[in-house]
Amino acid sequence: MSEEFHTTHSEEETVAVARALGAGLKAGDVVLLSGTLGAGKTAFVRGLAEGLGIDPDEVSSPTFTIVHEYRGGRLTLYHADLYRLERTATDDLGLEEMGVADGVLAIEWPDRLTHAMPGAATVEIEIVDETTRRIAVDS
Ligand SMILES: Nc1ncnc2c1ncn2[C@@H]1O[C@H](COP(=O)(O)OP(=O)(O)OP(=O)(O)O)[C@@H](O)[C@H]1O
Ligand SMILES: [Mg+2]
């Protein structure tokens, strides 16, 4: 396990931090992203996609789809946004199985999970001001 702290001053800088993490991810890895609304979790997922060789424009803020799948890179990236879910509803998604199959699983709002995800990397993004974010990465 390693712990890193970053301070970024733009969305692009956050994407770059994520890209470096994404480049080192292996099949079965899970990344839990916490932080308040607009902190930059989806921006971070865009960087993970880039690091995996996936077109970052594929990454969208999930609307009614809870899990998105992005292909075309070194590994498939599964992107889940649990914001709108009740805690108990996450049991039915089969998130654990997705992570271990052919890809990597990134989860926004992991506090909605009912099961712990042992071994998952955690990313905590804190808003300092309009353009500044503090990011703690445990991987
Ligand atoms: N340093 C920064 N890093 C990341 N995003 C930043 C930064 N500075 C400003 N922003 C802006 O903050 C917003 C982050 O939006 P994003 O959708 O990634 O957040 P989120 O955490 O996924 O929100 P939600 O909880 O609604 O899903 C974007 O508008 C982005 O341009
Ligand atoms: Mg988001």
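Just so we're clear, the structure is a prediction, and the values are computed from it rather than from any experiment. Atoms within a ligand are numbered from 1 in the order they appear, just like the ligands themselves.
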Exercise for review: Please state whether the separation between the Mg ion (ligand 2) and some N/O/S atom of Asp81 is under 2.8 Å?
Suggested key: no

Practice item. Could you tell me whether a side-chain N or O of Arg84 sits under 3.5 Å from a main-chain N or O of Asp81, the two making a donor and an acceptor? Key: no

Revision key, fill the gap. protein heavy-atom neighbour closest to atom 31 (O) of ligand 1 works out as Glu11 OE1, 2.5 Å

Practice item. Specify the protein heavy atom at minimum distance from atom 17 (O) of ligand 1: its residue, its atom name, and the distance to 0.1 Å. Key: Thr42 CB, 3.8 Å

Review point. Taking the N/O/S atoms of Glu108 one by one, which is nearest to the Mg ion (ligand 2)?
Key: OE1

Practice item. Flag Thr42 as yes if one of its N/O/S atoms falls below 2.8 Å of the Mg ion (ligand 2), otherwise no. Key: yes

Practice item. Quick one: pull up CG in Leu25 and CG in Leu105 and give me the separation to the nearest 0.5 Å. Key: 11.0 Å

Point to revise | For atom 11 (C) of ligand 1, the option (of Glu12, His9, Arg133) bearing the nearest heavy atom | key: Arg133

Practice item. Return yes when Arg46 approaches ligand 1 closer than 4.0 angstrom through a heavy atom, no otherwise. Key: no

Practice item. May I ask whether Glu108 has any heavy atom positioned less than 4.0 angstrom from an atom of ligand 1? Key: yes

Review point. Would you say Trp109 contacts ligand 1, with heavy atoms under 4.0 Å as the rule?
Key: yes

**Study point:** Contacts of Glu69 that satisfy side chain to side chain donor-acceptor pair (under 3.5 Å) - sequence neighbours left out
**Key:** Arg71

Exercise for review: State, without any angle test, whether Thr8 and Thr14 hold a side-chain donor-acceptor pair at a distance under 3.5 Å.
Suggested key: yes

**Study point:** Per-atom contacts of ligand 1 with Ala43, taking only distances under 4.0 Å to non-hydrogen atoms
**Key:** 18 (O)

Review point. Can you find a side-chain donor-acceptor pair between Glu58 and His68 that sits under 3.5 Å?
Key: no

Check your understanding: Looking only at protein heavy atoms, which one is nearest to atom 25 (O) of ligand 1, and how far off is it?
Key -> Lys41 NZ, 2.8 Å

**Study point:** Residue list, side-chain contact (heavy atoms from CB on, under 4.5 Å) with Thr7, at least two apart or on another chain
**Key:** His9, Thr132, Arg134

Practice item. Taking the side chain as every heavy atom from C-beta outward, state whether Leu82 and Glu108 have any pair of such atoms under 4.5 Å apart. Key: no

Practice item. Report yes or no: does a heavy atom of Gly38 sit under 4.0 Å from some atom of ligand 1? Key: yes

Review point. Which atoms of ligand 1 sit under 4.0 Å from any heavy atom of Ser10?
Key: 1 (N), 2 (C), 3 (N), 7 (C)

Study note, to complete from the structure: The atoms of ligand 1 lying under 4.0 Å from a heavy atom of Glu130, numbered in the order shown, are 8 (N), 9 (C)

Exercise for review: Could you tell me whether the side chain of Val137 reaches within less than 4.5 Å of the side chain of Glu3, counting heavy atoms only?
Suggested key: no

Exercise for review: Tell me which protein heavy atom sits closest to atom 26 (O) of ligand 1, plus the residue, atom name and distance to 0.1 Å.
Suggested key: Leu37 CD2, 3.5 Å

Study note, to complete from the structure: Honestly, for Thr14 the part within reach of ligand 1 (heavy atoms, under 4.0 Å) is side chain

Check your understanding: Are Trp109 and Lys41 side-chain neighbours, meaning at least one heavy-atom pair lies under 4.5 Å?
Key -> yes

Review point. Do Tyr83 and Asp111 have a side chain donor and acceptor closer than 3.5 Å?
Key: no

Practice item. Taking the side chain as every heavy atom from C-beta outward, state whether Ile135 and Val123 have any atom pair closer than 4.5 Å. Key: yes

Review point. What residue and atom, counting heavy atoms only, is the protein's closest point to atom 16 (P) of ligand 1, and at what distance?
Key: Gly40 CA, 3.9 Å

